[in-house]
Amino acid sequence: MKPTIFFSILLILLGPMLAQAEGRSWSAWFQQDVVQRYLGGLPQSQSKIELPNWLKPAPQIEISESELINETFQLINSNRQLNMIKSVAEKYGLELDLVGEAAAQIVHYAHRNLRLKKGDSRYMKSKLDGHFSNIFPWQENLTFTVQLNGKEESKAQFLTEIQSRLPFVKFENRENIQGNDNHSLAKINFQNAQIDRNQFLQDVIHQQLHLYNPRFSNVKDLIDTLANVSRHELILSYETESLLRRAISELPLDGIGKTLAARIYWHAANLEYTHGLLKNLDPSRRLATNDSGLAEFYNREVLSSKPLGRGLGARAQDIGIDYLTHQTENRQTYNAITYSPLGRPNVFISRQHNRNKAGDISGELARRGNGYYTIRGKDSEWHPDYGDYKVIQKLNPNAKVGADFFLYNYEVVLLNNSAIETADLNENLRPVEYFEFLADKKRYNMGDLFRQSWRMQVEIQSNPEQKQLVDEFVFRILSDAKEIYDIRPLFLRKYLELSVTNATGQKCIERLTHLYEKAFQKPDGRFNTFLFLWTQTQHAKNSKDIIIKRLRNPKLNHGTFVSDNVFAFRGSPLLGETWFAQEVNNSPYREKILEIFGQFIPRSALPLYTLQNKSCGGVFTSQK
């Protein structure tokens, strides 16, 4: 083994201990020493290998607090959705403060804009266009916490109107804001163009975080702090790391639900950093236990970054591989992989228990060996069942077979995160063009279209004119369809994510209900895909009579049909409906249905949860 390689490995293994011994934080050591020196190799001017943007050293740029404040309010005033919030508040004579997570996200986004303007070319330009979907790149549970100063009647009117105009955001008006760090308590006053400083602006500029109290009073505040560190890749002081380590060792972890814990990973700017930091803060591995809700993520393995282009294998450019595609069926996974504004891929690898026996670890499909699985090209796919969300990534031309990736026919299995970066394709479409593309069954080359999904949802639902155009187009498609199978499932899924806001939209749902009712009447294996799409939406509750007919139909509840029908209700709002639980209880296939449901019923679905525990105790696995 070469001395430089041995020394690098030794530093990675001993780094945390050396940092603590010197009174330095692990996070600062990781970022400065490992990323810039050992993963980046020689300085860029001397290196023969072009590094991905996310691995290049950050240029030294001076930014003042006043510059950051001005940039923040230029962003608010120029963004249609944020300016709408400001205008509606002024309409009702209210003074509005945006507080916490959303406020911090806006200021950090403004800071990246400033850095780009001052010469930091590392950022993906498509992510810094000021669009709402790029300022808030997550769409799961997007909540704006606001404090309103004015009459109570005006506050209620504001919340009603703004929720109808921005239905993809949940607004909460709170007087008392909880939190233990200055990102959780960040505050922007929309009317007076003020930002509550409290060291916050300096922390954004220098990518740091400060705590208000040495001890965390509850586990939610701890998770909020860890999520802020992860989302903005903040550097922690040695003292802050010590306080977080103590909180993880002392607080009861059964209060960390899976959804709460997932925010740390789904919104990570640098998954490798987040994963390593958590393990450094948790030497006793308490977070690996099922009580914490973090175990599913914590016990996985991140695709790590290593020196690029080592070894004797052929280079990617020599064998003609430039772009790679990774498929996933999960929108949250897609957003997590592509979250980084620098284009850093945030990916876990798939692993095997035993490569000789090809025994995959549960939930990780690794037929060819350990690694991150992709396929060649921009528009390739393994199979539609692997998921409609496609991540397009660039393979470094100097990446080498054997050291950075290996090949198996059309599959490319990555071994080194330094070899890839998220492709900056910037394919912006108009909303109707987007649905035209989704509706065309002949067009399979979807490229990175799904980067548009969240953007289109924002554009359509915050713009009544665009929503009307989309509804009219969708109604034409539904009117021409003779049965539900004439419609592309992906097209249907994306339309059902939108709210009904006009008469044409209501006609679309009525027509769709008619097509579903026809399909419910006869068994067809294809229908389970469409049943699953329907039951995940707000429209499922309007289909009570149709669903009862299906559950009672003996032709649809024998053999494998029971399993197919039950799994179609995963994640459905129907699981929380009393009438649905009663229908299951009265079914002649009750025990079989409950046995299958027991694999995924959330505790929040109280009627079915209670029924399940009474019937099949021990089968049910809770998900908080």
Side-chain angles (χ1 to χ4, degrees), residues 72 74-89 98 101-106 108-110 112-113 124-146 159 161-172 188 190 231 266-267 331-332 334-336 338-339 341 388-389 424-438 446 448-474 490-491 493-502 505 508 536-538:
T72 298
Q74 285 181 25
L75 178 63
I76 291 172
N77 292 329
S78 62
N79 179 272
R80 187 155 54 86
Q81 289 76 26
L82 293 177
N83 194 46
M84 183 187 298
I85 296 170
K86 178 181 176 181
S87 298
V88 175
L98 182 63
E101 183 177 302
Q105 187 73 11
I106 291 173
H108 272 280
Y109 192 89
R112 290 194 289 272
N113 274 346
M124 297 176 65
K125 291 183 173 57
S126 64
K127 287 182 175 285
L128 289 179
D129 62 356
H131 195 272
F132 186 91
S133 63
N134 283 326
I135 301 173
F136 305 99
W138 67 90
Q139 43 188 133
E140 313 301 329
N141 304 313
L142 179 55
T143 301
F144 280 9
T145 301
V146 296
L159 291 171
E161 178 171 339
I162 201 64
Q163 197 69 73
S164 67
R165 296 179 69 175
L166 300 177
F168 44 85
V169 182
K170 180 181 179 182
F171 286 82
E172 291 185 353
I188 300 176
F190 271 41
R231 183 179 297 114
W266 282 338
H267 305 160
R331 180 171 65 188
Q332 293 166 330
Y334 173 86
N335 288 337
T338 61
Y339 183 86
D388 292 317
Y389 293 95
D424 198 358
L425 300 179
N426 198 21
E427 297 175 348
N428 291 329
L429 303 173
R430 291 183 293 110
V432 172
E433 286 179 329
Y434 172 73
F435 274 94
E436 287 173 348
F437 201 108
L438 294 177
M446 307 300 283
D448 203 20
L449 180 66
F450 301 99
R451 190 178 296 180
Q452 301 295 317
S453 176
W454 174 217
R455 187 185 191 98
M456 291 297 102
Q457 190 173 346
V458 170
E459 283 298 306
I460 294 167
Q461 297 201 141
S462 62
N463 189 324
E465 292 78 15
Q466 292 293 338
K467 180 65 165 64
Q468 180 66 36
L469 291 173
V470 168
D471 286 332
E472 290 172 356
F473 171 74
V474 171
L490 180 60
F491 169 85
R493 180 202 301 175
K494 291 303 171 186
Y495 184 68
L496 289 174
E497 288 177 358
L498 304 177
S499 301
V500 179
T501 58
N502 56 53
C508 288
Q536 310 311 297
T537 72
Q538 68 270 30

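What you see is a predicted model, and the numbers here were worked out from it, not measured in a lab.
In this structure a side-chain-to-backbone donor-acceptor pair under 3.5 Å is present from Asn79 to Gly130. Side chain of Tyr389 to main chain of Gln332: no donor-acceptor pair is present (N/O by atom type, distance under 3.5 Å, no hydrogens or angles). In this structure, the side chain of Asp424 engages the main chain of Lys125 through a donor-acceptor pair within 3.5 Å.
Side-chain contact between Phe473 and Leu469: absent, with no pair of heavy atoms (C-beta onward) separated by less than 4.5 Å. The shortest distance between side-chain heavy atoms of Gln457 and Leu498 falls below 4.5 Å. For the pair Arg331 and Glu497, the minimum side-chain heavy-atom distance is below 4.5 Å. Contact check for Tyr434 versus Val470: no side-chain heavy atoms found under the 4.5 Å cut-off. Proximity of Phe435 to Ile460: side-chain heavy atoms (C-beta onward) are separated by under 4.5 Å at one or more points. Between Phe136 and Val169, every side-chain heavy-atom pair lies at or beyond the 4.5 Å cut-off. Looking only at side-chain heavy atoms (C-beta outward), Ile85 and Arg165 stay at 4.5 Å or farther from each other.
Closest approach of Thr143 to Ala102, counting heavy atoms only: O-CB, 4.3 Å. Between Pro341 and Lys127, the shortest heavy-atom distance links the atoms CA-CD, 3.7 Å. Shown here for Ser462 and Gln81, the closest heavy-atom pair between the two residues is OG-NE2, 2.9 Å. Gln452 and Leu429 make their closest contact through OE1-N, 3.7 Å (heavy atoms, listed as atom of the first residue, atom of the second, distance). Considering all non-hydrogen atoms of both residues, Phe171 and Leu166 come closest at CZ-CD1, 4.1 Å.
Between atom CD1 of residue Ile106 and atom CD1 of residue Ile188 there is a gap of 4.5 Å, rounded to the nearest 0.5 Å. Here CE of Met124 is found 8.0 Å from OG1 of Thr338. Values are rounded to the nearest 0.5 Å. Of the inter-residue distances, the one linking Cys508 atom SG with Leu496 atom CG reads 10.0 Å to the nearest 0.5 angstrom. For the atom pair CD (Gln105) and CG (Leu98), the distance works out to 11.0 Å, reported to the nearest 0.5 Å. Between the OH atom of Tyr495 and the CG atom of Asp471 there is a distance of 3.5 Å, given to the nearest 0.5 Å. How far CG of Leu438 is from NZ of Lys494: 8.0 Å, rounded to the nearest 0.5 Å.
Remark: His267 pairs with Trp138 by the ring pair (Phe, Tyr, Trp, His ring centres under 6.0 Å) rule, at least two apart or across chains. Residues meeting the ring pair (Phe, Tyr, Trp, His ring centres under 6.0 Å) test with Phe168, sequence neighbours left out: Phe132, Trp454. Glu459 meets the salt bridge (Lys or Arg N to Asp or Glu O under 4.0 Å) test with Arg80; sequence neighbours excluded.
Checking each of Gln466, Glu465, Glu472 against Gln468 for a side-chain hydrogen bond (donor to acceptor under 3.5 Å, both in side chains) leaves exactly one that passes, namely Glu472.
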Does Tyr109 form a side-chain contact (heavy atoms from CB on, under 4.5 Å) with Leu128? I'd like the steps, not just the answer.
CA-CA 8 Å; Tyr109 192 89; Leu128 289 179; 3.8 Å; yes
Determine, step by step, whether Arg455 and Asp129 satisfy the side-chain contact (heavy atoms from CB on, under 4.5 Å) criterion, reporting the C-alpha distance in whole Å, the side-chain angles of both residues, the deciding distance to 0.1 Å, and the verdict.
CA-CA 12 Å; Arg455 187 185 191 98; Asp129 62 356; 2.9 Å; yes
